[in-house]
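Notes for the one structure printed next.
The analysis underlying the following values was restricted to heavy atoms, covering all of them including side chains, and did not include hydrogens, waters or symmetry mates.
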Amino acid sequence: MADTKRKFNFAIDRGGTFTDVFAQLPDGRERVLKLLSWDPQNYKDAPTEGIRRVLEEETGQAFPRDQPVDTSLIGWIRMGTTVATNALLERQGERTALLVTKGFKDLLHIGTQARPKLFDLEVAVPEVLYEEVIEVDERVVLMQDDCQLPRKDPKHIVTGSTGDSLEVWRELNLESVEKDLRGVLSRGITSLAVLLLHSYTWSNHEQAVGTLARRLGFTQVSLSSEVMPMVRAVPRGYTVCADAYLTPKIHQYLKGFTSGFKDCLKDVDVLFMQSDGGLTPMEQFCGSRAVLSGPAGGVVGYAITSYSQMEQKPVIGFDMGGTSTDVSRYAGQYEHVFEATTAGVTLQAPQLDINTVAAGGGSRLFFRSGMFVVGPESAGAHPGPACYRKGGPLTVTDANLALGRLLPSFFPKIFGPGEDEPLCLEETMKHFHHLTQEINLFLSSNHSQTAANGANHSQNGVPNSRSEMSVEEVAMGFIRVANEAMCRPIRALTQAKGHDTSHHVLACFGGAGGQHACAIARTLGMKTVFVHKYSGVLSAYGLALADVVEEVQEPCSLQYEQRCFTELDRRIEQLSKRCNETLRARGFASSQITTEVFLHMRYKGTDCALMVNAVDHVSKAQSCRAGDFHSAFTKRYLKEFGFTIEDRPIMVDDIRIRGCGKSGIKSVYKTNEQRGQGKPVMVTKCYFEDGYLDTSVYLWEELQSGHSIQGPAIIIDKNSTVLVEPCCEAHLTEGGDICMTVGSDPHCVLGTELNAVQLSIFSHRFMSIAEQMGRVLQRTSISTNIKERLDFSCAVFGPDGGLVSNAPHIPVHLGAMQETVQYQIGSLGNKLKEGDVILSNHPCAGGSHLPDLTVITPVFRKGVSGPVFFVASRGHHADIGGITPGSMPPHSTSLQEEGAVFTSFKLVTGGIFQEEALTEALMAPAQYPGSSGTRNLHDNLSDLRAQVAANQRGSQLVEELIDSYGLAVVQAYMGYIQSNAELAVRDMLRDFAHRRQQQTGSLDVESEDFMDDGTPIRLRVQINEKEGSAVFDFTGTGTEVWGNCNAPRAITLSALIYCLRCMVGQDIPLNQGCLTPIKVIIPPGSILQPSPNAAVVGGNVLTSQRVVDVIFRAFEVCAASQGCMNNISFGNERIGYYETVAGGSGAGPGWKGRSGVHSHMTNTRITDPEILEKRYPVILEQFSLRPGSGGAGKYCGGDGVIRKLLFRNKVVLSVLTERRSTRPYGLHGGEDGAAGLNLLHKADGRLLSLGAKTSVSLQPGDMFCLYTPGGGGYGREEANAKPQTKRRRLNETFSERGSVFDYRMAQEGV
């Protein structure tokens, strides 16, 4: 590397609103600068302007804006930029075409088939990045030793980079491809993404297309085999599209940036930050690695500065900005994820695990149905918070200003229409006075009603509350709610991997974080907060500290065992050599280069892969030369999941080498040391829990090392404000940074009367308990269904069994567990003792279907006779016996044929796990003709132990909550939260009744729909507008059926809660309160309340969808969605596979139905095509949309899909579907969607219709063709109607991301 010590070096973070500049000067001094990223009246490019200003001010020479900047004084420039992120969010990338294997043109439109927002009937999915699709008639398939299909041509066998053998079924026709590519070019599209199946291991076809496209004149050609050669076509496809879509935009920006300098920065070392936290040369910077370029610098900044100073204690990074907050973790190594979703695009590339949540300084404040709500909507930069003088709404920033925590006199005058005025406290207070009046009116009106009724709860469900709130109490309340919202992802991030949150240091940076850091640390039990002196520009400073990184990765299909070590060593050495050569070519000496080896490892038969390095595990005889990866993998697996799988082979999916060229600066800046107290510049009044307190204000630049500052205090520098809360103390370190010691909160006694602020906080706390239970269950379970598919729910219940909180929100579990708990209370009563745990799955005891096993633990309290709470977990077990593997038979006619049955089984008695009795019960179905006991006893026992452990964690957290507040207070707020949900439902019913009365003069609505066998489901709803209540009467519904489409009562209640939540249209606690205003009448002996021994497996997955259709039809909410889950399973004596398949969603008032998506009571992700073909004896011939299957109308229904499976071996295929004879209804003149169709193409040429429900033996060469239903249309089609424009949604520009977000999406995708 060139000597740059005697030159100006720049590290620049170009954000969406501000650009931060860190400059290292020739004499060793450091400077920081912040300027607007977009200011066209004054300069073209913010980073160039920042460099120009520093050079001009430090040298005294003129550097005119209208001339290229002289680079003779510049050593290096490092940049992070949000150019790629913004282009992705705003869909402003390059016009792009996608070239894909024939049969898969809609693969990336369908994606995982899960919808992003569970309760959003308008399924708003970000648009795909490509404009056109070219299907290429080529195909390669993986060879399978036991494949019984006749080979197409034995000569066409090739070997992939993984070592796998493949057969080329259809060769690439380059003449045909050239014709298609020329057509795309003629339409002005010059960027091409190429995705061919299995190209991750054999890329010849992609390489040939790439060579042709470049020759024809495409300016950007991205091949999936080059961008990220990892198995799984969907995320690889998204990644290659992002690369093709974003890289030209990056190149355009770089061209503009370099043009501002002499010779376009020819002799200057220019590096850009990638998403993985490493720098790369400007010419190597590409779209798929650039999405986290901006925030990555901040992670590097706090990791390097905080971890060493805090004696290597693990650190949580807390970067609070205007619209959102970034949370991450560092404990000596950067934590990467290799697949993450940003703006609806899943990128398969190494990225720092940065979790973005919707709580920032600009997050809006709402009071809804008696609850304080913060975000996710944001005021943005324009108009910004109310105090910005541009007519904006109240935000978190306004709350801090109202409390005296922000001081306008220390802010620049850049606000108002002319951007020349200070922050406006008056505007903020005016808004807060108005909101406070609204809150007090609400509280007083309900207080009056309560007094009149002489009861704790008024007739509309709102609990008693105390007297009026002040403006300051309201503002403080919103701050506390915002803090609690930000604590939840921090808990999730740490506890997901088995770490104790309280054992971390909180490293705070970003413009807004300093005002919240003490409170968040205290809530999480952390004792230390670290704020770097450059915290306001830490992302820029992190760029200066970062190293140049070169990564290479190859797919692999080797087992980690002695016979494969030689091949692993060879490939590791080869990749390491490539890495070293690349870094040496960039000017690094060998002494500056380090390499790390990572293996992407998993237990065979599981999907849970970990990227492992063996840095602390030296090689030995039974390992490869790079280290003892077996020990490293099992140690980490045990840490994250609580167990290892003995005697299970370990597979290596990928080999990854990360090479670092050490190039980060070392800051030697030290402040003068001076003991004692700092000197404040003023004293102000600041509002805290105890009211207004005298608060000293300090200028950071005037403080010296050794100074200590007792809270309350405010420390201000040019770019940030740090609040030192009461009972906290700040110290200035040798380097000029702030280290705060967080004291415990003086115990605040909370009464049982309603406090609206505490209501919101308790809502978060109860949800957090359920979430933490889920993390324990996921970590300690062993089965694919629970550990990887996340098919489970955890919940907290009151002493009456009423639901308090539930996570995650799996639609078919909503409210259903409540029935189970209440059944046990009624059945066992006083027989429940401390140390008991109950297991249940029977439909008459609140079960959904038998594979869903519910484990219930009562929580006892000393001195109280009965349980004070209950906690429960429900998990889907892959097999519990019955007549077919998987315990979901398509033709069962009695409950016993579906598996083991538990009504009130004591799983744990007196603290002892009843393994012997449990084993006997799980094997009991074998006594019935044609049935088997469980086929996977080991997984059943392990997962049930995990459910017991999850409940134990929930019980412990409930007890801790009671220890903090007292039993009476916790139970009181449990009731208040339920009442809050009740109020939201009552408000919705009143609003609907009012509109209905005006339109029709009637408050009764009714509807009817049919199952495919003609069984009617009828509903009549009678609404009481005054009370906001309703009677849902299913009288007239058809009788119990001979088959398994009978739905237990709990299923109807789950469907009802789902529908109510969708119709409320905003986040509300999903608990018992939702059903309090509702009376449900279901005729006994009907399909919705069958006899105790009725078969029910189809009711859970099919009838539940029809109940939703009937409810939405009655309320005229939207047209019917596909109304089916399309349950497909196949297997033989060696393998078993199950999937549910997407269809069309219904259109509604103002929106079209989404095509190729799951709807309503399911949201399951589908197996990736390459994984499907790798693990099962099947070839996926087609997976695309079914054009024209959505109903026509003013707003068209979504199309279903076509899915064709060609079988390579003998299997038994089971199909359990609906809407094959009845069609999804259209609404208000919209046409019905098309019915589904199940066809079988026999190998002998016959074409057969299989009907809706069947089980059939298939031969090699048979192909199953699934055509799923479309959604209904909405509104009558209008002649000469104008094209519909996409509606802009409130918070569409905000994009959550990170492992916590992806985990929640995966949970809701079950």
Side-chain angles (χ1 to χ4, degrees), residues 11 13 15 20 22 30 32 78 80 273-279 292-321 324-336 351-357 360 486 489-490 493-494 499 501 503-518 520-521 524 526-547 549 664-667 669 700 715 717 719-720 722 730 732-740 742 1298-1299:
D13 176 40
D20 299 335
F22 168 83
E30 298 168 351
V32 295
R78 300 172 173 201
M273 176 59 78
Q274 299 184 111
S275 300
D276 63 359
L279 297 165
L292 297 186
S293 174
V299 175
V300 175
Y302 86 74
I304 293 177
T305 58
S306 307
Y307 185 68
S308 56
Q309 293 206 41
M310 293 294 106
E311 300 174 343
Q312 300 195 340
K313 283 185 71 175
V315 184
I316 293 292
F318 177 71
D319 178 8
M320 186 175 177
S324 60
T325 296
D326 287 341
V327 174
S328 54
R329 180 179 183 272
Y330 182 81
Q333 284 189 325
Y334 294 114
E335 297 194 351
H336 289 103
Q351 305 161 62
L352 291 170
D353 187 9
I354 301 172
N355 291 269
T356 302
V357 293
M486 289 183 282
I490 296 175
L493 183 67
T494 49
H499 307 297
T501 312
H503 294 170
H504 291 67
V505 171
L506 189 69
C508 173
F509 58 107
Q515 296 136 49
H516 299 258
C518 284
I520 284 172
L524 294 169
M526 297 177 176
K527 302 301 181 188
T528 308
V529 174
F530 185 85
V531 189
H532 193 268
K533 67 175 183 285
Y534 293 141
S535 63
V537 294
L538 196 64
S539 288
Y541 187 57
L543 296 170
L545 301 174
D547 294 322
V549 168
I665 67 166
K666 299 288 186 289
S667 179
Y669 173 81
W700 198 333
I715 303 172
D717 80 347
N719 300 311
S720 58
V722 177
L732 207 72
T733 69
E734 188 179 64
D737 311 315
I738 294 172
C739 183
M740 289 191 282
V742 180
S1299 62

In Å, rounded to the nearest 0.5 Å, how long is the span from [atom1] of [X] to [atom2] of [Y]?
X: R78; Y: L279; atom1: CZ; atom2: CG; value: 5.0 Å
X: F509; Y: S720; atom1: CZ; atom2: OG; value: 12.0 Å
X: D326; Y: N355; atom1: CG; atom2: CG; value: 8.5 Å
X: T325; Y: I354; atom1: OG1; atom2: CD1; value: 13.0 Å
X: L524; Y: H504; atom1: CG; atom2: NE2; value: 10.5 Å

Those residues that, when tested against F318, pass ring-ring contact (aromatic ring centres under 6.0 Å, His included) (two or more places apart): none

Any donor and acceptor pair, going by atom type alone, linking the side chain of H516 with main-chain N or O of G513 inside 3.5 Å? no

Could you tell me whether a side-chain N or O of Y330 sits under 3.5 Å from a main-chain N or O of G332, the two making a donor and an acceptor?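 Answer holds: yes.
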
Among D737, I738, I715, find the residue that satisfies the side-chain contact (heavy atoms from CB on, under 4.5 Å) test when tested with L732. I738

Taken in chain and number order and not counting sequence neighbours, the residues that satisfy side-chain contact (heavy atoms from CB on, under 4.5 Å) with D276 are Q274, H336, P350, V549, E551, R658

Closest approach of [X] to [Y] (non-hydrogen atoms, all atoms of both residues):
X: V529; Y: A517; answer: CG1-CB, 3.8 Å
X: A11; Y: A540; answer: CB-O, 3.1 Å
X: T733; Y: C739; answer: CG2-CB, 4.1 Å

Short side-chain donor-acceptor distance under 3.5 Å, E30 and Y534: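 Checked: Y534/E30 side chains pair up, N/O donor to acceptor below 3.5 Å.
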
Contacts under 3.5 angstrom, residues 292-304 side chains, donor-acceptor by atom type, not counting sequence neighbours:
residue : atom : partner : partner atom : Å
S293    : OG   : T81     : N            : 3.0
S293    : OG   : M273    : O            : 2.8
Y302    : OH   : S328    : O            : 3.4
Y302    : OH   : S328    : OG           : 2.9
Y302    : OH   : R329    : N            : 3.3

Check: [Y] and [X] side chains under 4.5 Å, non-hydrogen atoms:
X: M526; Y: T501; result: yes
X: K533; Y: W700; result: yes
X: V32; Y: D20; result: no
X: M740; Y: V531; result: yes

Q515: what forms a side-chain hydrogen bond (donor to acceptor under 3.5 Å, both in side chains) with it, not counting sequence neighbours? N400

Return the set of residues passing side-chain hydrogen bond (donor to acceptor under 3.5 Å, both in side chains) with D13 (not counting sequence neighbours), or none when no residue passes. none

